[in-house]
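Numbers restart at 1 for each chain; the letters A, B, ... are given by sequence-line order, proteins then strands. Side chains are part of it too, since the values below use all heavy atoms of this structure and drop only hydrogens, waters and symmetry mates.
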Protein chains: 4
Amino acid sequence: MKHMSKVEINKRQKEDSLYAAAYELFTTQGIHNTAISDIVKKAGVAKGTFYLYFKDKYDVLDKIILDKSSEILVEAIENTNIKEFDSFEEKLLYFIDSIIEYLKENKLLLKLIYKNLSWGVVRKAYKDYKGINEIYYMFEEGLKDHDLKEGDIEKIIFIILELVGSVCYSCIVLREPTNIDEMKPILFEIIKKII
Amino acid sequence: MKHMSKVEINKRQKEDSLYAAAYELFTTQGIHNTAISDIVKKAGVAKGTFYLYFKDKYDVLDKIILDKSSEILVEAIENTNIKEFDSFEEKLLYFIDSIIEYLKENKLLLKLIYKNLSWGVVRKAYKDYKGINEIYYMFEEGLKDHDLKEGDIEKIIFIILELVGSVCYSCIVLREPTNIDEMKPILFEIIKKII
Amino acid sequence: MKHMSKVEINKRQKEDSLYAAAYELFTTQGIHNTAISDIVKKAGVAKGTFYLYFKDKYDVLDKIILDKSSEILVEAIENTNIKEFDSFEEKLLYFIDSIIEYLKENKLLLKLIYKNLSWGVVRKAYKDYKGINEIYYMFEEGLKDHDLKEGDIEKIIFIILELVGSVCYSCIVLREPTNIDEMKPILFEIIKKII
Amino acid sequence: MKHMSKVEINKRQKEDSLYAAAYELFTTQGIHNTAISDIVKKAGVAKGTFYLYFKDKYDVLDKIILDKSSEILVEAIENTNIKEFDSFEEKLLYFIDSIIEYLKENKLLLKLIYKNLSWGVVRKAYKDYKGINEIYYMFEEGLKDHDLKEGDIEKIIFIILELVGSVCYSCIVLREPTNIDEMKPILFEIIKKII
DNA sequence: CATGAATGAGAGTTCATTCAT
DNA sequence: TATGAATGAACTCTCATTCAT
């Protein structure tokens, strides 16, 4: 950071403000209703500048989804790791609950990332990133007595997160078949059985 | 059907051909790349005619997703009900496997309905429809010893189908984090634990 | 014509006014400086209407060049055929001179069709068109003693018109290497030698 | 050359590489599809640098057309002058044939200079250039018995080269009305008659 | 001299929707 | 009910040109 030239800092600011403007508009007005001209207007840069940093609207969107997805997971694991738990079960449920509560508070974000909170994608993109690895370690430690094959841990994490993401989207955004708070007890019961 | 006048039959044919054309185009070229002018061209009707039957592109899409979603579930339950099983577990896994195999064979359809294979939505739309009810009865019978509260069965069905839909989309369409055949054993193991 | 419906007449008028507007703008402002929005504005139709009749700017341009090219040739042959001549040589030079005088009077058109006054192209497009055929008959009659092979007449017409077009463009538009009136005597001398 | 400073050499290299990049791109992708950003990328210089050496895209294009046009003529006359001929006719046809063969081998170049192989323009730009003058001398010597007026030689050269250029473009690039090899005999016959 | 990020006008094109027939 | 020509706002994306470094 400190080794950036003035030009590089300026570039970074431009990209950041475009990214932030896109995020703001996507969540409040929807992707479909957001034009690139809206984004640049909000970011305070010229239209052409957008194309210096992103291929098109969906390029920013993909970046946002990936970043925010991992942010959600990292925040949840950090919340979890600062606490002490008696069992893996308790710890995992706390972790899951952190995710759910975050999504409940950020309904617009949830709408945006839709059901793209995918372990597969996040893991691939951030495979050496500390927060993401800690999620893996938590499961590895918690499931160490389960006589699992190579790669099974990844699959279990994937399935659980896929489940949580899907259920949250349905219950929080669509309120279908019911709201998330009514769904939580059953969901937790099921997760307990899984592990 | 037999009580329809010629005009009514004609109207129904128009709607059907628009629907069929939309389905064909959505699956092969994607929703984004399909314009209403493409749909009417393929259906062999005039542009204005489209608006006599549908509000807009997403109106047809919603109808397609709902129809096809329930079709998938109904076909799977029918497949299942013509067989005998020793246990609910066996029966349920056969039902799930029918869904998965169907989606494997119809990747384009899976892409289209995305992760919208939602029990909540299908149940609401077809709450008195035979096939859909039979799914409910299967679970009701299978879980009768579980001391469940009113509405819990719906929630369990919802969660399981949400899980299956999500995993199928990821593994079949994106092949992320792996292909569906490698994921199946773990997925089945987890479902066994759930019930 | 008389069998056209009101709608067809209206369509034809739209296309004609787009064509006329394009011609007017191309000749006065240049192709490069004429935008489709200029054309539709001048034609008094909506932008989208342009695309109902033409693929793009160059589609109209091609049609204009072809039409005008043949118009020039047809007008010249009609001028020629209403007169009597003692020899083919006299007749041909009169025909050529008609072309040259036309181009001199219509410098903007000459600029537009550039050096595209091509016998090859016009002949192909209008191979059954009366005026174009009369040009062929004139040469056929005039060269009947020349013991020519099949197809040689076409080639001679092609070469002579190619020559006339090129020289006109250079001398009239660019005044290079001199003006057309100074070039005419030599050009005519050369054409006389050719036949 | 040898008196250039390092800076001057460097400058010349920049201009040369821009020129070469433009030529390469114009011929392979077309003028319309070549942006200045493409040229500078290929030349390996910054965008602003282009404007230090050329006014715009058409400025380079004009230079290229002029250079290449004269190159074609000079190469043909040099080919011709190293041989002995019995007559001017033979010599001229050899010269013309050299041009045609060159253009046949360099179709992309021919496409680029279009029908701009103009004696008028080349003569003006290179009026004291050895190669160009030798073309003039060849005609002067060959036509010395023709009792021509001052300036007529220039006009005859102009007309013949205009003819050759036009015919080559049509026959080689467009293959219209036929290919160049079928056109050559007639073309040569006509040129023989002209002189 | 050289750079290349930034500009922003505007080109071309699409397409949902309307409405006279 | 059915048509399809016409609309024109809205869109994406390009690119020549500038200018601070």
Item checked: Nucleotide dC15(E), atom C1' - distance to OH of Tyr58(B) in whole Å -> 12 Å
Check: Please give, in whole Å, the distance from dT7(F) C1' to Lys11(C) NZ?
Finding: 16 Å
Margin query: Show every ring-ring contact (aromatic ring centres under 6.0 Å, His included) that has at least one partner inside residues 41-61 of chain C, sequence neighbours left out.
Written below: Phe50(C)-Phe54(C), Tyr58(C)-His32(D)
Item checked: Set of side chain to side chain contact (heavy atoms under 4.5 Å, CB included) partners for Lys124(B), sequence neighbours left out -> Glu176(A)
Checklist line | Partners passing side chain to side chain contact (heavy atoms under 4.5 Å, CB included) against Ala125(B) (at least two apart in sequence or in another chain) | finding: Leu66(B)
Notebook entry, point to check: When the distance from NZ of Lys41(C) to P of dT7(F) is rounded to whole Å, what number comes out?
Noted result: 16 Å
Note to self: Run the salt bridge (charged side-chain N to carboxylate O under 4.0 Å, His left out) test against Asp62(A) and tell me which residues pass, sequence neighbours left out.
What the structure shows: none
Check: Starting at the 5' end of DNA chain E, what dot-bracket string do you get if Watson-Crick and G-U pairs under 3.5 Å are bracketed, crossing pairs use [ ], other-strand pairs use | and unpaired bases use dots?
Finding: .||||||||||||||||||||
Checklist line | Interatomic distance, Ile9(A) CD1 vs dG4(E) P [rounded to whole Å] | finding: 18 Å
Item checked: Asn10(A) side-chain N/O to dA5(E) phosphate OP1/OP2 under 4.0 Å -> no
Note to self: In whole Å, I'd like the distance from the CG atom of Leu18(B) to the C1' atom of dA2(F).
What the structure shows: 12 Å
Check: Atom NZ of Lys14(A) to atom P of dG8(E): distance rounded to whole Å?
Finding: 10 Å
Can you give me every donor-acceptor pair (side chain of residues 19-28 of chain B, partner residue at least two apart or in another chain, under 3.5 Å) with its distance?
unit_1	atom_1	unit_2	atom_2	d
Tyr19(B)	OH	Asp67(B)	OD2	2.8
Thr27(B)	OG1	Tyr23(B)	O	2.8
Thr27(B)	OG1	Glu24(B)	O	3.0
Thr28(B)	OG1	Glu24(B)	O	2.7

Check: Can you name the side chain to side chain donor-acceptor pair (under 3.5 Å) partners of Lys63(C), sequence neighbours left out?
Finding: Asp59(C)
Note to self: In whole Å, I'd like the distance from the CD1 atom of Ile31(B) to the C1' atom of dC15(E).
What the structure shows: 17 Å
Notebook entry, point to check: side chain to side chain contact (heavy atoms under 4.5 Å, CB included) with Ser70(B): which residues, sequence neighbours excluded?
Noted result: Val122(B), Tyr126(B), Ile132(B)
Check: OP1 or OP2 of dA2(F) less than 4.0 angstrom from a side-chain nitrogen or oxygen of Tyr53(B), does that happen here?
Finding: yes
Next item on the list: Give the B/S/- string for nucleotides 13-21 of chain F, one per nucleotide from 5' to 3', where a protein heavy atom under 4.0 Å of the base yields B, of only the sugar-phosphate yields S, and otherwise -.
Entry: BB-BBB---
Check: With a non-hydrogen cut-off below 4.0 angstrom, is Val40(B) in contact with a base, only sugar-phosphate, or nothing?
Finding: nothing
Margin query: Check this for me: Lys57(C), atom NZ, are more than 12 non-hydrogen atoms of other residues, nucleotides or ligands nearer than 6.0 Å?
Written below: yes
Check: Atom CG of Leu52(C) and atom C1' of dG4(F): how far apart are they, to the nearest Å?
Finding: 10 Å
Margin query: Taking the side chain as everything from C-beta on, heavy atoms only, tell me whether Asn116(C) gets closer than 4.5 Å to Val121(C).
Written below: no
Next item on the list: For the side chain of Ala46(B), starting at C-beta, report the closest nucleotide among dG4(F), dT7(E), dT3(E).
Entry: dG4(F)
